[in-house]
Amino acid sequence: MHGAHEVLQAIAVVLCVAAVTTVLFQKLRQPVVLGYILAGLVVGPYLPIPLVANPEVVTTLSELGVILLMFSLGLEFSLRKLFSVGPTAGVTAVIQCSIMIWLGFVVGRAFGWTTVESLFTGALIAISSTTIIAKAFDEQNIRGRLRELVVGVLIVEDLIAVLLMATLTAVSSGTGLSLGELSITTGRLVAFLVGLVVVGLFIIPRAVRYVVKLNRPETTLVASVGICFAVALLAQAFGYSVALGAFLAGSLVAESGEEKVVEHLVQPVKDIFAAIFFVSVGMLINPELVAEHWAAILVLTVVVITGKILSVALGAFLTGNSTRTSVQAGMSLAQIGEFSFIIAGLGLSLKATGNFIYPVAVAVSAITTLTTPLLIRVSGPVASYVDRKLPKPLQTFVTLYGTWVERLRDAPRRQTFGAGVRRLARLLLLDAVLIIVLVIGTSLMAGRLASIIEAQLGIDDQLSRYIIIGGAMLLSIPFLVGVVQVARRLGEELAEAALPGRKDGRVDLAAAPRRVLLVTLQLCIILLVSVPVVAITQPFLRGAMGPVVVLALIGALGVTFWRGATNLHGHVRAGAQVIVEALAAQSHSREPGADEQALDHVSKVLPGLGEPVPVRLEASSPAAGKTLAEVNLRGLTGATVLAIRRGDASVSVPSAQEVLRPGDVLALTGTHDAVEAAKSLLTGAPLPVAAPEPTGAQV
């Protein structure tokens, strides 16, 4: 139990040093999070500076910062908004966590760590830090689609972390984790979430509205923070993260419609305790241990930053986000944080890992915390650079892919989640489970089976093991083929729902886009299934057999995809010519909305081009007189220009050096959000805030 004097001393030291560093970093125009971490290093026990705060007291206080940060984040996300990004975030989180768990395991084994230590390493680098990202986003005023996607991924990651800790506990205790136990653990988690949301929706929004009507800010603040801590404590009582409970509390309060009032009142309290949290992270940095394990820390830091950027960007793009949003999401999530400490501490408490795992996790977290604000800041320019450097067929594909996924989301539920789709999904899951059972069963039983073969046939032990492995590989082939075939059939169902074929016998002008969409969906489904399978089975395999098989499948699909993307590019050029002719036919019409009617007809004839929208460039437009490259329309918004009507002349698929002129009518395509953002950019209205833009990129 900490005395009042000790707590007061810790708060005074921490906040005074944090105040000095944050003022200094503000003057230097650097993120204040870095100042807080530096303050933690100064008041920590590892530097010979006569300003030491009690680490236990600071850690206890920092827990309040985590809770209040997550509560504030939840206030921005009503449950409806959270559910809307759930499927996208879920797929992205599963792909990202699976890849990172596998990479962490491989790194651990490369350093000679035990299998269990390597498993813990993979788990602790898989989960990004909600607290760090929330603070960095607040500092840089990031809102909109990017924030929604990143927060959705973080929430799913927290749920995955709960399952990981249950699995690692069972593995470390030697009891193993059966399918039944895993199902029970998952069921308890789902039951807790559903029960909390259902009961909370009946009580919390009504209570918050009643309190706010009293028009007493003090009462509103106390009641809101009380709800926050009560739900966080309830989550902890059920064995889950207090951060998860606080976030759900914020989401339930947001359902009241009074979230802005509550957020304004909670903000100052949140800022104080959030500062203490980041100071506590800095206090954990031990320079001696960092120097001792510098190689592992360096490698894991590179793996975390590179692996998360690529895996999150891949998952986000495959689920229908633009190149810009996908790259920015990847660069935002390139760190580890509080859950990594919990997982590393779990390994120590179970005596499953050496003492070095915890300081390594802290050091990697501290370094990636330092790099996160910078990565978020430069993510806009990096995303624009990536977009510019993509080959022309890929630039065409990334624009149209978002429109296809949008159409897939808007398709009737009976097409996207009907009986046929559910049956194929069950077959896919069954094949994946059978592959996992076959690999793990062969690994665990290889020694016993080899002894039986050696005794019965007189074959030496090594040859017996080769026979067993060969037999297992032959048995797994039908299931691997099944995964590929079922993924294709499932992709065909979904592609047909997004871009239906013609039933009247006429030429199917959506065939080329549908083929590319089919291959992409097949690739996405195979990744979603195979990456977790590889992550689960890697500890039981020797070498890189699993990843090699997955890469071979992806490579084969990649060749097919490139051919389809090249054909799509030609299809779009032909479609752009149709748009040019349609706009030219309407150029002399004085009827209002003539351009819209012409392009509406084009979208029906050529459904693979999205829904082209005409935008007239006025003389007052900030884009007038600039080239498309200078405007950076696709890089900033995700929309692209298919054609330009300029008086009696027209331009089909304009190049980046095409100069825009007043009076031009631009045919834009992309998702609805992308087209609206492009309209704002072309008319001079402010863009929705997503991330800091590169200097000179805005028009």
Side-chain angles (χ1 to χ4, degrees), residues 87 90-92 94-95 97-99 101-102 177-180 182-183 186 314-315 318-319 408 414-446 449 466-498 514-561 563-564:
V91 171
T92 304
V94 168
I95 291 175
C97 287
S98 300
I99 290 175
I101 289 171
W102 176 75
L177 188 71
S178 66
L179 181 61
L182 183 59
S183 300
T186 306
L314 175 64
L318 288 176
T319 50
L408 186 59
R414 65 179 181 274
Q415 294 181 347
T416 58
F417 202 68
V421 172
R422 293 198 301 271
R423 182 179 63 82
L424 291 172
R426 286 194 295 268
L427 288 175
L428 199 63
L429 180 61
L430 178 62
D431 282 335
V433 170
L434 290 174
I435 291 172
I436 292 172
V437 170
L438 183 60
V439 171
I440 296 177
T442 302
S443 176
L444 296 178
M445 298 294 293
L449 292 175
Y466 285 141
I467 292 174
I468 293 168
I469 293 172
M473 291 175 65
L474 288 175
L475 288 174
S476 66
I477 289 176
F479 304 126
L480 290 172
V481 173
V483 168
V484 176
Q485 290 180 340
V486 174
R488 180 174 180 82
R489 288 164 60 191
L490 186 55
E492 288 173 347
E493 293 273 351
L494 296 176
E496 182 66 26
R514 195 186 309 111
R515 281 195 296 270
V516 183
L517 178 59
L518 166 61
V519 176
T520 308
L521 290 173
Q522 187 180 11
L523 178 63
C524 181
I525 294 166
I526 288 177
L527 277 174
L528 189 59
V529 173
S530 62
V531 173
V533 168
V534 169
I536 293 170
T537 58
Q538 184 61 56
F540 303 93
L541 294 172
R542 292 183 179 180
M545 185 184 302
V548 166
V549 172
V550 174
L551 289 175
L553 288 174
I554 293 173
L557 288 173
V559 173
T560 306
F561 166 79
R563 291 174 180 169

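All heavy atoms count here, side chains included; hydrogens, waters and symmetry mates do not.
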Quick one: side chain to side chain contact (heavy atoms under 4.5 Å, CB included) partners of Ile477, sequence neighbours excluded? Leu474, Val481

Partner residues of Phe479 under the ring-ring contact (aromatic ring centres under 6.0 Å, His included) criterion, sequence neighbours left out: none

Where Ala495 and Leu517 come nearest, the two heavy atoms and their spacing: CA-CD2, 3.9 Å

State which residues pass side chain to side chain contact (heavy atoms under 4.5 Å, CB included) with Leu408; sequence neighbours excluded, sorted by chain then number. Thr416, Leu494, Ala497, Ala498

Is the closest side-chain heavy-atom distance between Val484 and Gln522 below 4.5 Å? yes

Can you give the donor-acceptor pairs under 3.5 Å from side chains of residues 417-431 to other protein atoms, not counting sequence neighbours?
from   : atom 1 : to     : atom 2 : distance (Å)
Arg422 : NH1    : Phe417 : O      : 2.8

Once salt bridge (charged side-chain N to carboxylate O under 4.0 Å, His left out) is applied, do any residues pair with Arg489, and if so which ones, sequence neighbours excluded? none

Any chance you could measure Leu551, atom CG, to Ser530, atom OG, to the nearest 0.5 Å? 9.0 Å

Positive for side-chain contact (heavy atoms from CB on, under 4.5 Å) with Thr560, one of Leu518, Val519, Val516: Val519

I'd like to check the side chain to side chain contact (heavy atoms under 4.5 Å, CB included) partners of Leu528; sequence neighbours left out, ordered by chain and number. Val91, Val94, Ile95

To the closest 0.5 Å, what do you measure between CD1 (Ile525) and CG (Leu490)? 4.0 Å

Could you measure the distance from the CD atom of Glu493 to the CG atom of Leu521? Nearest 0.5 Å is fine. 11.5 Å

For Val531, give me all partners under side chain to side chain contact (heavy atoms under 4.5 Å, CB included), at least two apart in sequence or on another chain. Ser98, Ile99, Leu527

Thr520 side chain reached by Leu318 side chain, heavy atoms, under 4.5 Å: yes

